[in-house]
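In the text below, chain A, chain B and the rest are named by the order of the sequence lines, each starting its count at 1. Since we're looking at a predicted model, the values are computed, not measured.
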There are 2 protein chains.
Amino acid sequence: MSVNESEIAATNSGGQEPDARKTSPAVVKRLSLYSRVLQAMEFDGQDKVSSADLARRLGLNSSQVRKDLAIFGQFGVPGFGYPVMELRREIRRILGTDREVRVILIGVGNLGSALMSYRGFLKQGFTMLWGFDADPVAAAQRVRTRIPIFHVDDLEQQIASRPVDIAVLAVPQEAAQGITDRLVALGVMAILNFTPARIQVPAGVHVRYVDLSLELESLSFYVQ
Amino acid sequence: MSVNESEIAATNSGGQEPDARKTSPAVVKRLSLYSRVLQAMEFDGQDKVSSADLARRLGLNSSQVRKDLAIFGQFGVPGFGYPVMELRREIRRILGTDREVRVILIGVGNLGSALMSYRGFLKQGFTMLWGFDADPVAAAQRVRTRIPIFHVDDLEQQIASRPVDIAVLAVPQEAAQGITDRLVALGVMAILNFTPARIQVPAGVHVRYVDLSLELESLSFYVQ
DNA sequence: TAGATTGTTAATCGATTAACAATC
DNA sequence: TAGATTGTTAATCGATTAACAATC
């Protein structure tokens, strides 16, 4: 140990991330949930909240809430709780949702066009930049937004003009890996994959699967 | 212990579920993944598969695969592996996807209409019975299927005529709890919730959340 | 028989929960 | 000061992985 403990504590109490990308997905997901609840509380004019409150609202354990938050700094005040506005701001900073997060969508079919105009994304502050489709004319007819739709061949050109943070994949299953390879080559580091295809990416690129059929299959198990 | 171990083993080797509903969601999810991979293998004419194979295809550990499968019975043959067709059939039986699984969708808006006509559901054998919306006429214009769309007031009448297994919620956030209460009263035991609202249900009713914004927020964390 | 692979037990790992001193 | 609630350590729980005897 070359640094003493008070130095470590000092570093972290300012709210610096630890060795960030190692945080478990479950923790990140909960941070996102806390952020939502805090948003509602802030809207209601509530100025402080305890870990027990937060836990109750989300069906979690209060120890877990405190532990999750303590990973990133000391945001609470013993005997008082957490200041709502400040905590929310901190969590947004931690998640990176305080900055512009640029999103593109590839595959403007049935599902893709719904995702492109999904209000929830806008509401949470995401910037949906562009859509891409193998048939941009047909795609444009499906979607009711002013977001420009390009031919998928223009992927390279567009991303070169303005880098994107997250790509949403809603292409046919067979096209998933090919598009993924191109996205990765273009430096896209995060993909939200709505196809059931398991896609291969180099280490460091983050993929999240939203497998709609799989959700139904899982539920099917519990209802028989 | 009133029953001896060989009796228990005998009961389970036929492929009977254990005290079923206690199985962890993670295991159920993987069963669903195995089922998919097996479907592809069956299509390719492959007749046997080892736990190591299956694990490699899904980025899992072979012990985990064997353990998951062993929960429900002895489907493998030591020194040989698992017979593809039979294993797939067993998993489908365990998941309940070998029978008709009836699904309804409430909230035929942008997202809802895309979900209603989502090919993946059909492909996995789910039966999308009906859609419901507060404005069925407008909703009918959005969706390109022959699935009938009813007024949400007709929920009770329709479900009385033919019970459903799973309800998909794609209504505005504020309407989520109200609709949920009605679904629960109608005996619906599984809800796939696409709204960000945390909904309250009595014990025994299963809810799964697909929170689209939350997925983006989680990814946002990893790309900063 | 020799080789392969299962089913299962034991070991490990990580995540959740409980407990409590520190502190506002 | 007394009461409340944090941050953190220790205990518990559950899930994953390793190991290996059983067996085809």
Q. With respect to A:V84, which candidate in A:L38, A:D44, A:D47 satisfies the side-chain contact (heavy atoms from CB on, under 4.5 Å) definition?
A.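 It is A:L38; the other options fail the test.
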Q | Strand-adjacent residues in residues 29-57 of chain B, judged by heavy atoms under 4.0 Å from DNA chain D | A |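 Only B:R30 qualify.
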(Q) Using the rule given for side-chain contact (heavy atoms from CB on, under 4.5 Å), can you reason through B:L183 versus B:I159, listing the C-alpha separation, both sets of side-chain angles and the distance that settles it, and then say yes or no? (A) CA-CA 9 Å; B:L183 291 168; B:I159 297 186; 4.2 Å; yes
Take the protein atom [atom1] of [X] and the nucleotide atom [atom2] of [N], then report the distance between them rounded to whole Å.
| X | N | atom1 | atom2 | result |
| --- | --- | --- | --- | --- |
| A:F75 | D:dT8 | CZ | P | 11 Å |
| B:Q74 | D:dT23 | CD | P | 10 Å |
| B:F72 | C:dT8 | CZ | C1' | 16 Å |
| B:D68 | D:dT17 | CG | P | 11 Å |

(Q) Quick check against the 3.5 Å criterion: does B:T195 have a side-chain atom that pairs as donor or acceptor with the backbone of B:A197? (A)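 Yes, because the side chain of B:T195 sits within donor-acceptor range (under 3.5 Å) of the backbone of B:A197.
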N/O-N/O pairs, protein side and nucleotides 18-20 of chain C side, under 3.5 Å:
{"unit_1": "C:dA18", "atom_1": "OP2", "unit_2": "A:N61", "atom_2": "ND2", "d": "3.1"}
{"unit_1": "C:dA18", "atom_1": "N7", "unit_2": "A:S63", "atom_2": "OG", "d": "2.8"}
{"unit_1": "C:dA19", "atom_1": "N6", "unit_2": "A:R66", "atom_2": "NH2", "d": "3.2"}

Q. Going by heavy atoms in the side chains, are B:P25 and B:V28 under 4.5 Å from each other?
A.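 No. Closest side-chain heavy atoms not under 4.5 Å.
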Q) D:dT16, C:dA15, D:dT8: which one has an atom nearest the side-chain heavy atoms of B:Q64? A)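 The closest nucleotide is D:dT16.
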Q: Go through residues 77-89 of chain B and report each residue with a non-hydrogen atom lying under 4.0 Å from DNA chain C, sorted by number.
A: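 The stretch gives B:V77, B:P78, B:G79, B:F80, B:G81, B:Y82 as the residues lying under 4.0 Å from the strand, ordered by number.
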Q: Given salt bridge (Lys or Arg N to Asp or Glu O under 4.0 Å), test B:R93 with B:D98 step by step and report yes or no.
A: CA-CA 5 Å; B:R93 189 184 51 71; B:D98 57 336; 5.9 Å; no
Charged N to carboxylate O below 4.0 Å: is that the case for [X] and [Y]?
| X | Y | value |
| --- | --- | --- |
| A:R30 | B:E217 | no |
| B:R92 | B:E90 | no |
| A:R88 | A:E86 | no |
| A:K29 | B:D211 | no |

Q) Is the cationic atom of A:R57 (NZ for Lys, CZ for Arg) positioned less than 6.0 Å from the six-membered ring centroid of A:Y34 and within 45 degrees of its normal? A)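 Because its charged atom misses either the 6.0 Å distance or the 45° angle limit, A:R57 does not stack over A:Y34.
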Q: Please determine if B:K48 forms a cation-pi arrangement with B:F80, meaning its NZ or CZ atom is less than 6.0 Å from the six-membered ring centre and no more than 45° off the ring axis.
A: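 Ring-cation test returns yes.
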Q | 5'-to-3' dot-bracket of DNA chain C (Watson-Crick, G-U; under 3.5 angstrom; crossing pairs as [ ]; | other strand) | A | ..||||||||||||||||||||||
Q.
Base, sugar-phosphate or nothing for B:S24? Non-hydrogen atoms, less than 4.0 Å.
A.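 The residue B:S24 makes sugar-phosphate contact but no base contact.
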Q.
Suppose the criterion is side-chain hydrogen bond (donor to acceptor under 3.5 Å, both in side chains): which pairs have a residue in residues 164-177 of chain B, not counting sequence neighbours?
A.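 Applying side-chain hydrogen bond (donor to acceptor under 3.5 Å, both in side chains) to every pair that reaches into residues 164-177 of chain B, excluding sequence neighbours, yields B:Q177-B:D181.
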Q. Can you list the residues that meet the ring pair (Phe, Tyr, Trp, His ring centres under 6.0 Å) rule with B:Y118, with sequence neighbours excluded?
A.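 Residues passing ring pair (Phe, Tyr, Trp, His ring centres under 6.0 Å) with B:Y118: B:F121.
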